[in-house]
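Side chains are part of it too, since the values below use all heavy atoms of this structure and drop only hydrogens, waters and symmetry mates. So that the names make sense, note that chain A is the first sequence line, chain B the second, and so on, each numbered from 1.
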Amino acid sequence: MQSIISVSGLTKTYASGFQALKRVDLEIRKGEIFALLGPNGAGKTTLISIICGIVNASDGTVTVAGHDIRRDYRTTRAMIGLVPQELTTDAFESVWNTVSFSRGLFGKPADPRHIEDVLRSLSLWDKKNNRIMTLSGGMKRRVLIAKALSHEPQILFLDEPTAGVDVELRQAMWEVVRKLRESGVTIILTTHYIEEAEQMADRIGVINRGELILVEDKVELMCKLGRKQLTLQLHDPLDAIPARLAEYGLTLASGGAELVYSYDTQGERTGITTLLSELRDAGIRLKDLNTTQTSLEDIFVSLVREPA
Amino acid sequence: MNLHAICAIYRFEMARTGRTLFQSVVSPVISTCLYFVVFGAAIGSRITDIDGVTYGAFIVPGLIMLSLLTQSISNASFGIYFPKFTGTIYELLSAPVSYLEIVIGYVGAAATKSIVLSLIILATAGLFVPIEIAHPAWMVLFLVLTTVTFSLFGFIIGILADGFEQLQIVPLLVITPLAFLGGTFYSIAMLPPVWQTVTLFNPLVYLISGFRWSFYENADVGVGVSLAMAALFLTLCVAIVWWIFRSGYRLKA
Ligand SMILES: Nc1ncnc2c1ncn2[C@@H]1O[C@H](COP(=O)(O)OP(=O)(O)O)[C@@H](O)[C@H]1O
Ligand SMILES: [Mg+2]
C-alpha cells in the first residue's frame, strides 16, 4: 500500500519545556481513513498541527506525497484540508465569503459551482448569506468543514470533529467522510470516542503522552478483540477439569467454583452448545453463566493507564 | 507567487473595512475638521503666514500625515491581531502562502485604506483653505512610502501584541505626540535653537517636512534627507517583519 504521509522521528518540545511528541513514526496510506485515538493531552492536535504547518517541529521529518513539509510547503499544504478542534471562525463574515476566502487562500481560482456543492453537501446552502456568528455550534462546525473542503484537498484532517456535536450532524458528517473517501481522499481523524474509530476507520493508531503505542488494522484489532469469555458458575466446586473436557481449553477460577471458556465470536462455530451438553453428560450442574468481551475500550484503557 | 491568496487576503481585509466604514472614515474626517476649525480658522486667523503660506494651509500636510500614521498603524495592527486573537490564524499558517504574500495582502489592504482616507481628508481640507500641490509626484511618493512603512510597523505591533489595549498604545502615546512635536502645527524654525536640534531626533519630522515640501516647497530639512529617512524606516520595518516570519516568533509554537 502506497503511503501518502510519512512521519519519522517527530519530536515536539514546547517553549514551556513540555515534550508533547516523542519520536513519533507513522505512515498514513493513500485513500485510507485513519483514526488517531488518545486521551486529552496525548499530542493528537500537536501532531496534526505540525503536519499542517501551524506548529514547528523540534526534530524529525514529515513528508506528504514525497514532499518535505518545510521545503515544499506550497505543494504539501495545497494538498491538505484541516478542520481544527476549536470552533474558530470569522464571526462577522458570511458563510459564502468565508468559504470562498479559504479557496483563494489555498491558491485555487474561484469556483462558485464547487463551493455550492460543498455547501449543499453539508446542508449549509440555505445559510450561505448568514453571518457565521448567527449560526449554532453544529453549523459552525459544518462551516469549518466546508472551508477545509473548499480547495478540493487530497488529504483531510478532522481534529475531534464530533466533540460536542449532535447525533444528526455526526451522521451527516460521516456521510460526507464516506463520500470523500470513495472519491479517493485520505482522511485522518482524531477522537477519543472508540466507537467512532471502530465505525469509521480502516486503521487505528493509539497515542498517549506523546508516544504512538499502537498502529493496527481495524479488522485485525477487531479479531483480537473478537474473543469472548464464557464464565460458568458451578453448583459444586471442582478440584480439576474432567479429562473428557480437555479439548475445550477450560480454566478453573474462584477456587474451582467457576469454569472459564474462551471462544472466537468470528469463528465458524463457538463450541458453546457442545460444551454445555458435555457438561450435562459429565453431571456438572450450573448455577449461572455470563459472557464478557475484551473491548477496544479495555485495550485502550490498559494501554494508556498511568503506570502505578 | 500565490496570487489567489494575496487577492483573498486583500479582499477579506477590504470587506472588513467596508463593514466598519463609518468608524473608519467618519471619525478621522470629523477630527480633522475640528483641527481646521480650531487651529485653521479660530487661532490661525491671528497667526502670520509661514514662508508665504497661510497658517490654515500650512497645517494641511501635517494633519494628513497625522491621520495617515495613526490609521496605517491601527488598520494593519488590528488586521493581523484579530485572527491571532480569534484563532482563525490557523488557516493562514496552514495555507500554501509565503510570508511575503501574507504581508502584501495585509499591509496592502491597510495602506490602501489609509491612502483613501488621506485623500478624503485632503478633499475635506480643500473646503476650508485653498490647497495647491507644487510637486504631485513627490506628494504621492511620500504618501505611499509613509503609508507602507507605518502599515508594516502596525503589522509588527499586531504580531507582538498580547491584548487589544496594546494596539492603541503606540498610535496614541508615541505617534500622536511625535507628530504634534514634529512640525504638524509649526515650522521647526520657530523653535529655540536647542529644541531645533532635539527635534531632529524625532523621525516624524523628516516625513512631515518632506510631505509639506511637496505641497509648498518649504521644508524644515532638505527633501533629499526626508526621502532618505523615509526609505530607511521602510527598510527597517521590512527587516523586522522578515526576521519575525523567519523565526516564526509569536506566530508559531
Ligand atoms: N502551545 C503550547 N505550549 C505548551 N504546551 C502545549 C501547547 N500546546 C499544547 N501543549 C501541551 O501539549 C500536550 C499535547 O496537547 P495536544 O496536542 O493539544 O493534545 P490532544 O490534542 O491529544 O488533546 C498537552 O499536555 C498540552 O498541554
Ligand atoms: Mg486536541
Heavy-atom proximity to chain B below 4.5 Å, by part of A:Lys108: backbone
Tell me, yes or no, whether the heavy-atom count around B:Tyr206 atom OH, taken from other residues, nucleotides or ligands under 6.0 Å, exceeds 12. yes
Which pair of heavy atoms, one from A:Glu93 and one from B:Ala15, lies closest together, and at what distance? OE2-CB, 4.4 Å
If you count every heavy atom of other residues, nucleotides or ligands that lies below 6.0 Å from A:Arg71 atom CZ, does the total exceed 12? no
Give me the atom names and distance for the closest heavy-atom approach of A:Leu105 to B:Ala8. N-CB, 3.8 Å
Ranked by heavy-atom pairs below 4.5 Å to chain B, first place among A:Ala148, A:Ser49, A:Pro109 goes to A:Pro109
Answer yes or no: are there more than 12 heavy-atom neighbours, outside A:Tyr73 itself, under 6.0 Å from its atom OH? yes
Is the shortest heavy-atom distance from the side chain of B:His4 to the side chain of A:His151 under 4.5 Å? no
Side chain, backbone, both or neither: which part of A:Leu87 has an atom under 4.5 Å from a heavy atom of chain B? neither
Side-chain (A:Arg77) to main-chain (B:Ser94) donor-acceptor, under 3.5 angstrom: no
Could you check if a side-chain atom of A:Glu86 sits within less than 4.5 angstrom of a side-chain atom of B:Tyr90, using non-hydrogen atoms only? no
With a 4.5 angstrom heavy-atom cut-off, could you sort out which part of B:Leu92 is near chain A: side chain, backbone, both or neither? both
What's the separation between atom OG in A:Ser102 and atom CZ in B:Phe12, rounded to the nearest 0.5 Å? 9.5 Å
Quick check: closest heavy atoms across B:Pro96 and A:Phe106, and the distance to 0.1 Å? CD-CD2, 3.3 Å
Looking at chain A, which one of B:Arg19, B:Arg16, B:Glu101, B:Arg11 has the largest number of heavy-atom pairs inside 4.5 Å, strictly under? B:Arg19
Value for CZ (A:Phe101) from OG1 (B:Thr88), rounded to nearest 0.5 Å, stands at 8.0 Å
A:Ala15 versus chain B, heavy atoms under 4.5 Å apart: side chain, backbone, both or neither? neither
Kindly state each residue pair satisfying side-chain hydrogen bond (donor to acceptor under 3.5 Å, both in side chains) with at least one member in residues 151-163 of chain B, sequence neighbours excluded. B:Asp162-B:Arg250
Would you call A:Ile54 and B:Leu93 a side-chain contact if the rule is heavy atoms closer than 4.5 Å? yes
